[in-house]
Novice: 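The following block contains the structure, expressed as structure tokens.
Note that the structure is a prediction, hence the values are computed from the model and not measured. Heavy atoms only: backbone and side chains are in, while hydrogens, waters and symmetry mates are out.
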Amino acid sequence: STSFGCHMLHVKCHMLNVLLQLNTEFFRISGVLALVLYILETFKEGYVSFYLNPVWFLGVFILSGIIWLFTSERVEK
């Protein structure tokens, strides 16, 4: 029973680590994508906003940045 509990704790820790690493990638990708979309929208109005709202990518960027800010030291490389 103790071995199973220890194994489950290791699995949960590994899954949390994977989720935090995915969040870091979301942070990077959404930041670059939001910047590129806003630049495209600046050059030609309606070029991006006709199809999708770049504010969603900015929201993902901010939310994942907040999560990354408070959990960056927990991620094992």
Novice: Which atom pair, heavy atoms only, marks the closest approach of E41 to G46?
Specialist: OE2-N, 2.8 Å
Novice: Does any pair with a residue in residues 16-25 pass salt bridge (charged side-chain N to carboxylate O under 4.0 Å, His left out), and if so which ones, sequence neighbours excluded?
Specialist: E25-R28
Novice: If hydrophobic residues (ILVMFWY) are linked whenever their side-chain heavy atoms come closer than 4.5 Å, directly or via other members, who joins V32 in its cluster?
Specialist: L33, V36, L37, L40, Y47, V48, L52, F57
Novice: Keeping the roles fixed (side chain from T24, backbone from L20), state whether a donor-acceptor pair exists under 3.5 Å.
Specialist: yes
Novice: Taking only residues at least two apart or on different chains, which pairs with a member in residues 17-40 satisfy ring-ring contact (aromatic ring centres under 6.0 Å, His included)?
Specialist: F27-F61, F27-W68
Novice: Which pairs, with at least one residue in residues 53-65 and sequence neighbours excluded, count as a side-chain hydrogen bond (donor to acceptor under 3.5 Å, both in side chains)?
Specialist: none
Novice: With sequence neighbours excluded, what pairs up with I62 under the side-chain contact (heavy atoms from CB on, under 4.5 Å) test?
Specialist: L58, I66
